[in-house]
Structures are given as structure tokens and as C-alpha cells.
> 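For reference, the structure I am asking about is given below.
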Amino acid sequence: MAEYNRVSECVGLITLRNPPVNALSAAVRQGIVDTVQRALSDPNVKSVVICGQNGIFCGGADIKEFRSNMTGPPLIPMIHAIESANKPVVAAIEGSALGGGLELALGCHYRIAHSKARLGLPEVSLGLLPAAGGSQRLPRLIGVPAALNLITTGRHVTAAEALQLGIVDQVTDHNTVAAAVKFALSVAGRSLDPRRISTHPCPQQPDLDALFEEVMQKVRQSARGAIAPIACVQAVRAAATLPYAQGMERERELMATLFTSGQARALQYCFFAERAVGRWRMPSGARWDTSKPRPVHKAAVIGLGTMGRGITVALAQTGLSVIAVETQEKQLMEAKQAISGMLERGAKGRGVAPALDGVIYSQNIQAVADVDLVIEAVFEDIALKTKVFQQLSAVCKPGTLLCTNTSALDVDQLASETPNPELVVGMHFFAPAHVMKLLEVVYGPRSSPQAVATAMQLGKKMGKASVAVGNCRGFVGNRMLKPYIEEAFFLLEEGATPELVDQALEEFGFPMGVFRMSDLSGLDVGWRVRKGDGLVEPGTASGRSARIRQGRRYSPLGDLLCEEGRFGQKTGRGWYQYDKPGSRVARFDPWLHSFLGAYRAQHGLVARRIDHQEVLERCLYALINEGFHILDDGIAAGPEDIDVIYVSGYGWPRHRGGPMFYANMVGLAKVLERLEHYQQLHPEVPHLQPSSLLRRLVASGSPPIHKWGEAIKKLHSQL
Ligand SMILES: CCC/C=C/C(=O)SCCNC(=O)CCNC(=O)[C@H](O)C(C)(C)COP(=O)([O-])OP(=O)([O-])OC[C@H]1O[C@@H](n2cnc3c(N)ncnc32)[C@H](O)[C@@H]1OP(=O)([O-])[O-]
């Protein structure tokens, strides 16, 4: 797991070998301990180089080991042995040096990086802190402010930034190992005392208390309840104020708390879930590893409203050539200007040239004749989309993949209107499409595995968390959102306020509660959908019957606000009031509160006291319950798919792992018991009726989440 060679006569070369990322597993750590010992005791060796095989230095500790009984030599003494060696040790960094990988490099006396390498301490994103001395060495090397930034955000820096910060000593465009060996030869015999970072004091920093107070405040705000960023600040504070040995003790204590926390489990689950969703499978048995994507060189976007513009930018930024079609000349010109602006701003942020020439604008749908893939992003209207699909089928070359960007329409119905339904899939982007991470790739019963594979690969190229899901009303994300929003409306009827509901959800970790979110996205969006579903009636009806529609409890509160022209931020009034239309600061609105009072009186409802716990249980368990229905229906292949959708597209706090992981943490029996409790109180609310899958999982002993897939298969085979 670590190979040893002597090169250039007197350099000991240690190569970490643990594909794919040379993670520091027990075997690798043992290999490092043995090979370092060998190099140091070999009188012919004057200096040592440590590198990783296959162009990657080291992806850090082996995250898979965290959940088992850890064996093998621990990292801290291993790194100390390197730092205190009496021969220079040089890290040759190619690819990535992350987490424990960078901590290992910080224990070396010198660091040489390839220009394309990335370095960072991303432990915070796994609910941990750099606890192999990283929180103590980095501030000593680059100063407290820069170390705080890197450690609390976990961001990766380029080799150029690492050089500027002083993390690496040299950057090369050529063979990194060769450069490191040459460097190692040049420093052989030099005094190593100044190169042992742990012996340095932290660089002086004026007004240290004020700095830490300011950073802690910022971190608390952005952490939304996550504990690791706060522990990271505390660890760096120890580096800045305590001698090294005491700082290490503090690092150890803080890590001990984090390591066994539920948040660390949730964040590490997210890490693996994000990778697991790439290994998609369909109920037909088609899978990621047996379905070959088609090459896509040229793509088209039809309809350049908000979504179409964002999608065009996301495609162009991958280097594809894109035909952007909008039939109205004025809209086309406006879209061109907006897209160019977005491309320029994006390129500036990434320090590259904008891909302006990659987009060709046209008013004519014939322009897409030779593209490999089209994404239709016209208005959300099935008749209009059907017409566009029929035109596309007539215009495009054979085999062109036809994708629809829709948040709710029936992908299968659209596919059935085309001569080649196997070429049709849904691509549900989230606004703004060039920024938001999530993409639901929606397959119908006739979508070919190749079409799904192509859309998934394109999503990955665009940097999206792409999740393949089955076709149903609202797909996964919006289908689960419906009961969540409905419960929030019911809570208002029963005595809650928008402020109370939002506060409970924001304290849980959502960036915005349901009502602030509704004001941001526009109340009219849901109103239009409910009208389409025949649920909206004039607001004069009163009594219980006005609140039962299509045989189930219904709250017309959102409709009544829309009838008043209160569409949210864009009209300056919604569930809250705003200084002016378009402004973002939500304020308490006395009108809304007297409206709620009058509404309750009109419908004979008596307000009662509702606490945060009830808000969380009713909103979140209703959403989770729908998630179980989705798993039972085979719309999502596993809980990871649902969780990635919620964490990357719906603001579910990452440190809580996603709704299905959260249910697993709370305990399935408890979720079931609370749903049954609320169902008894509200028998006219079908979404509180526990899903039969949840019941069956509880009856089978509530298996842990990584065993749900197996359990569901077994339960289905028994039906
Ligand atoms: C205790 C003292 C304190 C130290 C703490 C730490 O170091 S905490 C660690 C701090 N380090 C980090 O947080 C770095 C985490 N890693 C990364 O950020 C990226 O993997 C990458 C940038 C290294 C490579 O990106 P890329 O797009 O080229 O590749 P990819 O991302 O698709 O991964 C390929 C495969 O490798 C797997 N795997 C990856 N890393 C680890 C690991 N450390 N362990 C185990 N497995 C790991 C990954 O699951 C996947 O497996 P699959 O699905 O094929 O079975």
C-alpha cells in the first residue's frame, strides 16, 4: 500500500498505492510508517520524497473506515515521525491533497505541487475537523485569517493560490515527482529546524479576540445549526493562543465530540449518497454500467425564458456548442443579452474566457436540424409542449434525444406524441438553472436506457447532482413538497402564524421556512396549479365544506391571498409584507394576522397553541411519508436518491442528511407512531396516513438505511 524505491542514488521515494484516491487506509498508514522508517535508517538515503500513484497525491483519511473499529497506526504519530525526521522529506503533490492528505504534506518539510493540483482541508464538510494536526499546523504556516477561511469552509485551493498563501514551496507544470526529487537532492543536509511547522509560533495577528468573535458570528449564521464549523473555529483559536502540544490536545477533544455525532454520520452519508446516485438503475433492470450514453457535441434549447436562459448557460459552460431558439425577435434579443451577461460573469468568476461564441441564436426551429440533443424549455403547458415536440420530431436528424424541462407535466404523455418515445426524457432543472446543483432526469416507461444514460452524463458534465427518477406527478422533489406545504397551511388554520412555522423550520436548518420561500417563488405559481386541478373555488364559501375538496381536507388560504393580489415579494405583499415590490426583507404584516383571525372565525375554527415540535412533525413527517410512497412505487431507486434531491435542490440541511436519512435517525417506529397520532386527529388528511412501506419496514425490525434497498426488494417479492 506504500511502495519504496531508491532513486537518483540517494533519494528514498515512497509511493502511496490505494486506488482510486490513495486514501489513508490502515494498510496505507502502515505502509508509510514502514517505508519512512526504512528510508531514515538507510545510510545511502539523504532525502525522501512522498508521492501518490496515478496522478493523485492523497484524498485524505479513508472515510469508509470511520464507521468501523479503526485499526492500524494512527495518523498523528505517523506525521510527527515524518516532521521530526533528520532527513528532508518532500511531498510531491499531483491531483489532490485533501484532508489527511494535506495534513501528511504539512508534516513534510517541503511541498512541491503540480500546477493543476488542488489542496484543501474539507473535513468540515464531513462533520469533522482537520484533526491530524491540520488545525494546528496550517495557522502556523499561513496565518490565522487564511487558515480560518480554508478550515471553516473546506474549500479547495488551486496550486497557484496555495503558493501565494505559502502552503507549497514550488509549483511545476512538468513531472512533479521528478521536480520533487531534484528539489530533495538540493536540500539534502540543510538544517530542518525552520521547516518543522509545529515548532513555529502562529504569525502575530492584531486584535485576535475581535477577529475570532467576528468569524464565530459569521460561521454560526451560515452553519444553520451545523456544529463542525464552530469546532473548527475553536480549534484554530487553540492554535493561535496555546502552545502546540496543548493545541493538539484541544484538537483531539473537539474531534472526539464531532467524530461520534449524528451530524458527522449525516454528512458522510451525503458524501457517499452523491456518488451512489450516479449508479442509477431503472425498474426495467437497465443500469448505469450496462447503458452507454450517446456522444453529445451539439445541443439546442427551445424557449429562452428564465429557465431556457439558465440551461443555455449551463450547456455552453461545458464547452458544447448550443443553438438557442426563441421565435419572437424581441425576446430573442433580450435573451441574447442576458445569456451573454451570465456567461461573462461566470467566466470572470472562474478566471476563464466566456464561451460567447459557443451559442448561436435563432428564431427558426429548423436551426436545430443537426443537433444531438434538444432541451425544450417553453411555457409549462402540455398543449404547447406537445406542439413543440411534434415540430422537433419532424425537424431533427434521426436519433436526436428530445428532453423536456418540466417541473410537473407528464413526460410519458409527451413521449407518446412523438414517433420515437424511447428518445424522450424529462430534465427537471431548478431556477436559476446555471447555478442550482440539482437535476432530476425523468424517465417514462418507454424511455430508452441510452437516453437516460445520455441525460445523466450531460448532467454530470454540467456539474449537477443528477438523479434518475420515474415519471409521476411532481416527480420526487415536488411530489414530496405538496404534503409539506399543505400541512403548513393547515397549521395556520389551527392557530399557527407564518412566523412560527418559518422559525421552526429555519431552526431545523432550512435556509427559509415554507412561507418565506413561498413569498420568494411567488404564490401565484401554486395557485395556477391548483386552478388547473379544479381545486380553486371563489373565496366566499364558509364552514367545513369549504375546506373539504375532492373528498379531502383543503385549505384555501393561499388562494384567498392570491385573490387579494398578494403574490409574495414581487407584489410587495404575501405571507409577509415588504418595503416595496421586489424587496427581500420579510416583515410582520398586521393585515395578514387579522385576515387569519377573520378566516378562522368565518370557518368556525378556534386557534390553539402550536409548538415547534408539532410544526416539525407535521410538515416533515408528511414529506417523509410521501418519500416512502415514492420508494414503494419505484419512482426513486433508493433513499439516497431522495436525500440527494432534497439536500441539493430543496434546502434540506445537509448536516441532517436528507429526509429519509433523518427518518432513519429519528427511528422509523417513532415516525410511524407520530403519523398515526396525527392521522387520528385529522382523518380527512390522506397524506398523514402512514405509507404501507413504512409500516412494513417497522414490522420487519426497522432495518438501517443502507439495508432498505434489500428490505424493499424482499417485501415486494412477498406481495
Ligand atoms: C482522522 C484525521 C482527520 C482526517 C480526516 C480526513 O482526511 S476526512 C477525508 C477528507 N478528504 C475528503 O473529504 C476528500 C474526499 N474526496 C473527494 O473530494 C474526491 O473524491 C476527490 C477530489 C479526491 C476525487 O474526485 P473524483 O471526482 O475524481 O472521484 P470521486 O469523488 O467520484 O471518488 C472516487 C471514489 O473514491 C471514493 N473516495 C474518495 N475520497 C475518499 C476517501 N477519502 N475515503 C474513502 N473513499 C473515498 C469515492 O467514494 C468514490 O468511490 P466509488 O463511488 O467509486 O465507489
Side-chain angles (χ1 to χ4, degrees), residues 1 16 18-29 32 52-80 93-107 114 116-138 150-151 153-159 228 231-232 235 248 251-261 263-265 267-280 288-289 456-457 460-461 463-466 638 640 644 654 706:
M1 287 294 189
L16 312 187
N18 184 16
V21 301
N22 298 323
L24 296 164
S25 63
V28 173
R29 297 195 305 274
I32 296 174
Q53 74 167 1
N54 293 339
I56 174 162
F57 180 70
C58 176
D62 186 341
I63 306 166
K64 290 193 187 98
E65 276 186 356
F66 290 168
R67 296 289 145 236
S68 60
N69 282 336
M70 287 180 73
T71 55
L75 269 179
I76 294 177
M78 180 192 97
I79 294 172
H80 268 285
I93 300 172
E94 292 176 304
S96 302
L98 297 173
L102 180 54
E103 294 180 288
L104 166 66
L106 291 174
H114 189 267
K116 294 217 168 93
R118 298 242 155 194
L119 299 90
L121 293 175
E123 286 88 340
V124 68
S125 60
L126 298 167
L128 305 173
L129 61 85
S135 76
Q136 304 304 299
R137 283 197 180 88
L138 193 65
L150 257 63
I151 293 173
T153 61
R155 76 185 177 90
H156 302 180
V157 297
T158 60
C232 286
M248 285 299 285
E251 183 190 88
R252 192 193 60 74
E253 285 165 9
L254 290 164
M255 179 64 159
T257 312
L258 296 180
F259 197 75
T260 50
S261 68
Q263 293 197 4
R265 276 182 63 190
L267 288 159
Q268 288 157 31
Y269 164 84
C270 285
F271 176 85
F272 290 114
E274 278 163 358
R275 282 149 184 88
V277 297
R279 297 188 281 272
W280 56 270
W288 66 283
D289 50 351
M456 287 293 282
Q457 192 189 52
K460 191 170 177 197
K461 253 189 164 173
K464 306 284 178 205
S466 310
E640 295 87 357
V644 169
R654 194 177 168 87
H706 65 276

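The analysis underlying the following values was restricted to heavy atoms, covering all of them including side chains, and did not include hydrogens, waters or symmetry mates. Quick note: residue numbers are just sequence positions, from 1. Just follow the structure's listing: the first ligand is 1, and inside any ligand the first atom is 1.
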> Can you confirm whether something in the protein, heavy atoms only, sits under 4.0 Å from atom 16 (N) of ligand 1?
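True for atom 16 (N) of ligand 1.
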
> Look at the side chain of N22 and the backbone N and O of I56, then say whether any donor-acceptor pair between them is shorter than 3.5 Å.
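Flag set: sc N22 to bb I56 pair under 3.5 Å.
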
> Classify the contact between R279 and ligand 1 as side chain, backbone, both or neither, using a heavy-atom distance cut-off of under 4.0 Å.
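The answer is the side chain.
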
> Within the 4.5 Å heavy-atom criterion, are L138 and P130 side-chain neighbours or not?
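Sidechains of P130 and L138: no contact.
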
> Who gets closest to atom 23 (C) of ligand 1 by heavy atom: N22, L129, I79, L98?
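Checking each option, the heavy atom nearest atom 23 (C) of ligand 1 is found in L98.
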
> Please tell me if the side chains of R67 and Q268 come closer than 4.5 Å, counting only heavy atoms from C-beta onward.
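Heavy-atom side-chain distance check passes, below 4.5 Å.
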
> Using distance alone, determine whether P20 and ligand 1 share an N or O pair under 3.5 Å.
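Between P20 and ligand 1, no N or O pair is found under 3.5 Å apart.
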
> My question is simple, although I want it checked carefully: is atom 42 (C) of ligand 1 less than 4.0 angstrom from any protein heavy atom?
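When distances to the protein are checked, atom 42 (C) of ligand 1 has a heavy atom within 4.0 Å.
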
> Report yes or no: does F271 have a heavy atom closer than 4.0 Å to ligand 1?
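It does; at least one heavy atom falls under 4.0 Å.
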
> Determine whether the side chain, the backbone, both or neither of L24 has a heavy atom under 4.0 Å from any heavy atom of ligand 1.
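Contact part for L24 vs ligand 1: neither.
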
> Looking at atom 8 (S) of ligand 1, tell me if a protein heavy atom falls under 4.0 Å from it.
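So atom 8 (S) of ligand 1 has protein heavy-atom neighbours under 4.0 Å.
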
> Where is the nearest protein heavy atom to atom 46 (N) of ligand 1: which residue, which atom, and how far?
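In this structure, atom 46 (N) of ligand 1 has K64 NZ, 4.0 Å as its nearest protein heavy atom.
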
> Is there at least one protein heavy-atom neighbour under 4.0 Å from atom 28 (O) of ligand 1?
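It does not: no protein heavy atom is found less than 4.0 Å away from atom 28 (O) of ligand 1.
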
> May I ask you to decide whether R654 forms a salt bridge with E274, counting only side-chain N to carboxylate O separations under 4.0 Å?
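Counted as a salt bridge, because a side-chain N and a carboxylate O are separated by less than 4.0 Å.
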
> What I want to know is whether G100 and ligand 1 share at least one N or O pair that is separated by under 3.5 angstrom.
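So ligand 1 has an N or O lying under 3.5 Å from an N or O of G100.
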
> Consider ligand 1: state whether an atom of it lies below 4.0 angstrom from any non-hydrogen atom of L128.
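No; L128 lies far enough from ligand 1 that no heavy-atom distance drops under 4.0 Å.
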
> Of the listed options (G60, C58, G59, S25), which comes nearest to atom 12 (C) of ligand 1 when hydrogens are ignored and any heavy atom counts?
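Looking at heavy atoms only, the winner is G59.
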
> For atom 1 (C) of ligand 1, what's the nearest protein heavy-atom neighbour? Residue, atom name and distance, please.
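Result: M255 CE, 4.0 Å.
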
> I'd like to check L75 versus L104 (side-chain heavy atoms, cut-off strictly below 4.5 Å). Are they in contact?
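Sidechains of L104 and L75: no contact.
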
> With backbone taken as N, CA, C and O and side chain as the heavy atoms from C-beta onward, which portion of D62 lies under 4.0 Å from ligand 1: side chain, backbone, both, or neither?
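It is both backbone and side chain that touch ligand 1.
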
> For atom 38 (N) of ligand 1, what's the nearest protein heavy atom and its distance?
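Closest protein heavy atom to atom 38 (N) of ligand 1: V21 CG2, 4.0 Å.
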
> Applying a 4.0 Å heavy-atom criterion (strictly less than), which segment of A61 is in contact with ligand 1: side chain, backbone, both, or neither?
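For A61, the contact with ligand 1 is made by both the backbone and the side chain.
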
> Any heavy atom of E65 sitting closer than 4.0 Å to ligand 1?
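Under 4.0 Å: no for E65.
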
> Report yes if some N/O of R275 lies less than 3.5 Å from some N/O of ligand 1; otherwise report no.
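Between R275 and ligand 1 (N or O atoms, distance only) the closest approach is under 3.5 Å.
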
> Can you check whether R29 reaches P73 side chain to side chain, under 4.5 Å on heavy atoms?
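The answer is yes; the side chains approach within 4.5 Å.
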
> For I63 and ligand 1, does the shortest N/O to N/O distance drop below 3.5 Å?
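There is such a contact, yes.
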
> Is R265 positioned over the aromatic face of Y269, cation under 6.0 angstrom from the ring centre and no more than 45 degrees off axis?
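Negative - R265 is either too far from the ring of Y269 or too far off its axis.
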
